[in-house]
Amino acid sequence: MEFKIGVLAGDGIGPEIVEQAIKVMDAVATKFGHQFNYTKALVGAIAIDETGNPYPDETHQVCLDSDAVLFGAIGDPKYDNNPAAKVRPEQGLLGMRQKLGLYANIRPVATFPSLIDKSPLKRDIVQDVDLVVIRELTGGIYFGARGRSEDLTSAFDTCVYTVEEVERILKLAYSYAGKRSKRVTVVDKANVLSSSRLWREVAQRVEKEYTDIETDYMLVDNAAMQLIQWPKKFDVMVTENMFGDILSDEASVITGSMGLLPSASVGRETSVFEPIHGSYPQAAGKDIANPLATVLSAAMLLESLDLLEEAQAVRDVVNKSLNEGVVTEDISGEGKAYKTSEVGAWLAENI
Ligand code: IPM
Ligand code: MG
């Protein structure tokens with residue numbers, strides 16, 4: 001079959017990791033007789049440099065015209081260190097999520113047997129962890145009204161949720177749980193925040209529609225603690241935008257490296273597949289970044305196109321590279337540290 005794939009490599013290590021995922025996808029295409037037609041487009045700091053806009057209309061059109069989008073990373077220290085910058089790379093990512101209606105971010109967290117001892121957590125805590133963080137992605141404090149007082153002595157951000165937004169993401173979480181171990185944990189801060197009390201109210205109603213699924217309610221501070229102490233007790237965790245952002249980074253510690261966690265952002269239009277780590281500017285251009293999170297994001301992309309066997313082949317080859325130690329320096333330990341491009345080439349050869 002033939003597919004149109006939008007490729008938004010972005011900033012920092014984005015281009016090098018995306019390049020490896022494309023090598024792997026091309027190997028999949030050859031092996032299974034498909035054709036992937038890639039269209040590259042600008043996003044993030046590089047898009048600001050070249051067009052003044054972190055998510056140009058042209059890029060949006062490429063996304064709309066694609067069957068799926070592979071995304072690298074965005075962000076550049078020159079903006080992080082300049083809080084006064086009016087246009088920021090992150091606005092490109094947030095703008096893309098909003099314009100494409102990507103309301104749900106799916107972040108699966110599972111341990112790889114060969115990496116258990118790479119996790120800073122003890123083996124018996126992380127062994128067999130298999131959970132998914134479902135993060136609401138187009139609402140809450142990242143999209144609410146924000147500003148600065150005229151005299152610049154104060155600033156504010158607003159967290160707004162509508163019943164419809166909460167219901168939509170909860171239903172998606174329940175449908176995931178139905179295919180997994182039928183447990184949902186709704187994470188909020190209902191003891192303090194009004195928006196969280198709305199979440200809980202809606203969840204208590206939605207819960208009744210899914211009688212075969214067990215629902216647990218947890219305050220976010222407690223969830224942050226339990227996620228590290230007893231990660232095995234979680235299956236599907238669903239939460240609002242900012243809590244999901246934070247908890248999914250925390251969850252990545254369980255696997256041993258942030259360089260291993262893929263994600264899918266799904267919603268109204270084309271879905272976007274991206275590693276959860278950022279642009280890691282210190283490593284950009286050095287050929288040392290771990291490409292596996294992006295390669296695993298490509299596996300999620302293939303799955304979204306109903307190429308299930310192909311997605312499994314990608315996961316299998318990633319497992320093989322982990323078992324055989326063909327990995328980058330973040331997880332190579334005492335063993336040889338392979339370059340980003342070497343890992344990509346090895347994966348493609350072994351598909
Ligand atoms: C993520 C990232 C982004 C987010 C940043 C880069 C805006 O941290 O995808 O988790 O906060 O959503
Ligand atoms: Mg984040």
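We count ligands from 1, going down the list as the structure has it; atoms in each ligand are counted the same way.
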Fit a plane to each ring of His34 and Phe32, take the angle between them on a 0 to 90° scale, and name the class: parallel (under 30°), tilted (30 to 60°) or perpendicular (over 60°).
parallel
Should Glu240 and Lys189 count as an ion pair when the cut-off is N to O under 4.0 Å?
no
protein heavy-atom neighbour closest to atom 1 (C) of ligand 1 works out as Arg107 NH2, 3.4 Å
Look at Glu269 together with Lys99 and state whether they make a salt bridge at an N to O cut-off of under 4.0 Å.
no
the protein heavy atom lying closest to atom 9 (O) of ligand 1 turns out to be Arg97 NH2, 2.8 Å
Atoms in ligand 1 with a heavy atom of Tyr142 nearer than 4.0 Å
11 (O)
Closest to atom 4 (C) of ligand 1 among Arg135, Met242, Glu90 (heavy-atom distance):
Arg135
What protein heavy atom sits nearest atom 3 (C) of ligand 1, and how far away is it?
Leu93 CD2, 3.9 Å
NZ or CZ of Lys40 within 45° of Tyr38 ring axis and under 6.0 Å
no
Both conditions, 6.0 Å and 45 degrees, for the charged tip of Lys208 above the ring of Tyr210: are they met here?
no
Pair Glu274 + Arg97, salt bridge at N-O below 4.0 Å
yes
Among protein heavy atoms, which sits nearest to atom 2 (C) of ligand 1, and what does the distance come to when rounded to 0.1 Å?
Asp245 OD1, 4.1 Å
Whether Ile276 lies under 4.0 Å from ligand 1, heavy atom
no
Write the atom name of the N, O or S atom in Asp245 that is nearest the Mg ion (ligand 2).
OD1
